[in-house]
*Asks:* 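The following block contains the structure, expressed as structure tokens.
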Amino acid sequence: TWGSLVASGQNTHMGFQADICVFDFATRTLLHRMTLHKVKVQALAFSNDNKYLASLGGQDDNTLVVWDLMTGRPLCGGPASSNLSLCISFFHNNSSKLVTGGHGVLRVWDVDFQNRKVTPTDIKLASFTRIINTLV
């Protein structure tokens, strides 16, 4: 049901993959254990309609993955940035758009579910050097 999902990302050791666990809080049950990221899951975000989960891998991985919450399978993804990405958020009114931020990078992503790909657009930060830790 909407709003009853909880997700957690694992932090492991070099050479191991980090799990993402999705739970139904209302029933206290594990719905999915999803694995693609290396060593660390840096950040997670649910889409507003609860159909998708986006994940960012840590510095050993630094990839963006969009997951289908009905199946627990990855839909699309790719490198998050040439710099470390730290946070992620879906747009509040559009499940096919999300934003990532991190070390000197802020990117808006268009998710093409039909063709299973993500396309980034960099937001120019001009001469500002920022580490973006949180997005809303």
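This is a predicted model, so every value here is computed, not measured.
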*Asks:* Using the rule that two of Ile, Leu, Val, Met, Phe, Trp, Tyr join whenever any of their side-chain heavy atoms come within less than 4.5 Å, decide whether Leu125 and Val99 are in one cluster.
*Replies:*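 Yes, Leu125 connects to Val99 through the hydrophobic network.
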
*Asks:* Please round to the nearest 0.5 Å and tell me the distance separating atom CG of Leu135 and atom CG of Leu106.
*Replies:*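 If we round to the nearest 0.5 Å, Leu135:CG and Leu106:CG are 6.5 Å apart.
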
*Asks:* With Asn93, which residues qualify under side chain to side chain donor-acceptor pair (under 3.5 Å), at least two apart?
*Replies:*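 Asn93 satisfies side chain to side chain donor-acceptor pair (under 3.5 Å) with no residue once adjacent residues are dropped.
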
*Asks:* Taking side chain to side chain donor-acceptor pair (under 3.5 Å) as the definition, give me every residue that meets it alongside Lys97, ordered by chain and number, with sequence neighbours left out.
*Replies:*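 Counting only residues at least two positions away or on another chain, Lys97 forms a side chain to side chain donor-acceptor pair (under 3.5 Å) with Asp110.
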
*Asks:* Listing request: all side chain to side chain donor-acceptor pair (under 3.5 Å) pairs with a residue in residues 11-21, at least two apart in sequence or in separate chains.
*Replies:*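 Sorted pair list: Asp19-Arg33, Asp19-Thr35.
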
*Asks:* Using distance alone, with no hydrogens and no angle criterion, decide if Ser81 and Asn83 have a side-chain donor and acceptor under 3.5 Å apart.
*Replies:*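 Distance-only check fails for Ser81 and Asn83.
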
*Asks:* Does anything in residues 120-136 pair up under salt bridge (charged side-chain N to carboxylate O under 4.0 Å, His left out), and if so which pairs, sequence neighbours excluded?
*Replies:*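 Sorted result for residues 120-136: Arg107-Asp122.
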
*Asks:* For a 4.5 angstrom cut-off between non-hydrogen side-chain atoms, does Val111 reach Cys76?
*Replies:*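 Answer yes - side chains close enough.
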
*Asks:* Residues in ring pair (Phe, Tyr, Trp, His ring centres under 6.0 Å) with Tyr52, at least two apart?
*Replies:*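 Scan of Tyr52 (ring pair (Phe, Tyr, Trp, His ring centres under 6.0 Å), adjacent residues dropped) gives Phe113.
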
*Asks:* Kindly compute the distance separating OG1 (Thr63) from NZ (Lys38), expressed to the nearest 0.5 Å.
*Replies:*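 The OG1 atom of Thr63 sits 8.0 Å away from the NZ atom of Lys38.
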
*Asks:* What are the two closest non-hydrogen atoms of Ser8 and Phe23, and how far apart are they?
*Replies:*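 Taking every non-hydrogen atom into account, OG-CE1, 4.0 Å.
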
*Asks:* Under 4.5 Å between side-chain heavy atoms, counting indirect links through other Ile/Leu/Val/Met/Phe/Trp/Tyr residues: same cluster for Val66 and Met70 or not?
*Replies:*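 Different clusters.
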
*Asks:* Using every non-hydrogen atom in the two residues, find where Asp61 and His37 come nearest and quote the distance to one decimal.
*Replies:*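 For Asp61 versus His37, the nearest heavy atoms are OD2-CA, 3.0 Å.
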
*Asks:* Does Val105 reach the side chain of Ile132, with side-chain heavy atoms less than 4.5 Å apart?
*Replies:*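 No, their side chains stay 4.5 Å or more apart.
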
*Asks:* Excluding sequence neighbours, so at least two apart, what forms side-chain contact (heavy atoms from CB on, under 4.5 Å) with Ala43?
*Replies:*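 side-chain contact (heavy atoms from CB on, under 4.5 Å) list for Ala43, sorted by chain: Leu56, Ile88.
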
*Asks:* Taking all heavy atoms of Asn50 and all of Ser4, pick out the closest pair and write down the distance.
*Replies:*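 That closest heavy-atom pairing would be ND2-N, 4.4 Å.
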
*Asks:* Taking side chain as C-beta onward, heavy atoms only, is Thr134 less than 4.5 Å from Cys87?
*Replies:*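 The answer is no, as the side chains (C-beta and beyond) never meet within the 4.5 Å cut-off.
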
*Asks:* Sort and list the pairs that fulfil ring pair (Phe, Tyr, Trp, His ring centres under 6.0 Å) and have at least one residue in residues 71-106, not counting sequence neighbours.
*Replies:*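 Qualifying pairs, neighbours excluded: none.
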
*Asks:* Distance from Asn115 atom CG to Leu75 atom CG, nearest 0.5 Å?
*Replies:*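 Going from CG on Asn115 over to CG on Leu75, the span is 12.5 Å.
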
*Asks:* Could you tell me which residues satisfy side-chain contact (heavy atoms from CB on, under 4.5 Å) with Thr119, sequence neighbours excluded, listed by chain and number?
*Replies:*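 Partners of Thr119 by the side-chain contact (heavy atoms from CB on, under 4.5 Å) criterion, ordered by chain and then number, come out as Lys117.
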
*Asks:* Nearest heavy-atom pair of Ser89 and Ala45: which atoms, and what distance?
*Replies:*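 Smallest heavy-atom distance, with atoms named: CA-CB, 4.0 Å.
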
*Asks:* Go through Val22 and Leu53 one step at a time and tell me if the side-chain contact (heavy atoms from CB on, under 4.5 Å) criterion holds.
*Replies:* CA-CA 9 Å; Val22 179; Leu53 179 72; 4.1 Å; yes

*Asks:* For the CG atom of Asp49 and the OG atom of Ser95, what is their distance to the nearest 0.5 Å?
*Replies:*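 Taking CG in Asp49 and OG in Ser95, the distance rounds to 3.0 Å.
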
*Asks:* Within the structure provided, determine whether Pro79 and Asn62 are in side-chain contact (heavy-atom separation under 4.5 Å).
*Replies:*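 Side-chain contact under 4.5 Å: no.
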
*Asks:* Membership question, hydrophobic clusters at under 4.5 Å side-chain separation (ILVMFWY): are Leu31 and Val65 in the same one?
*Replies:*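 Yes: a chain of side-chain contacts under 4.5 Å links Val65 to Leu31.
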
*Asks:* Heavy-atom count check: over 12 atoms from other residues, nucleotides or ligands less than 6.0 Å from Gln10 CD?
*Replies:*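 Counting other residues, nucleotides and ligands, CD of Gln10 exceeds 12 neighbours.
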
*Asks:* If you group Ile, Leu, Val, Met, Phe, Trp and Tyr whenever their side-chain heavy atoms sit less than 4.5 Å apart, what else falls in with Phe16?
*Replies:*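 Phe16 clusters with nothing; isolated.
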
*Asks:* Would Val108 and Leu98 show up in the same hydrophobic cluster when neighbours are defined by side-chain heavy atoms closer than 4.5 Å?
*Replies:*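 No, separate clusters.
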
*Asks:* If two hydrophobic side chains count as joined below 4.5 Å and joins carry through other members, does Val6 share a cluster with Ile20?
*Replies:*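 Looking at the clustering, Ile20 is in a separate group from Val6.
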
*Asks:* Going by ring pair (Phe, Tyr, Trp, His ring centres under 6.0 Å), name the residues that satisfy it together with Phe25, two or more places apart in sequence or in a different chain.
*Replies:*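 Expected list: none.
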
*Asks:* Of all residues at least two apart in sequence or in a different chain, which pass the side chain to side chain donor-acceptor pair (under 3.5 Å) check with Thr29?
*Replies:*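 Thr27.
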
*Asks:* Compare every heavy atom of Cys21 with every heavy atom of Leu30, then report the nearest pair and how far apart it is.
*Replies:*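 Smallest heavy-atom distance, with atoms named: CD1-CB, 3.8 Å.
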
*Asks:* Could you name each residue pair satisfying salt bridge (charged side-chain N to carboxylate O under 4.0 Å, His left out) that touches residues 63-91, not counting sequence neighbours?
*Replies:*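 Passing the test, one end in residues 63-91: no pairs.
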
*Asks:* List the atom of Thr100, the atom of Trp109, and the distance in Å for their closest heavy-atom pair.
*Replies:*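 Heavy-atom minimum between the residues: OG1-NE1, 2.9 Å.
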
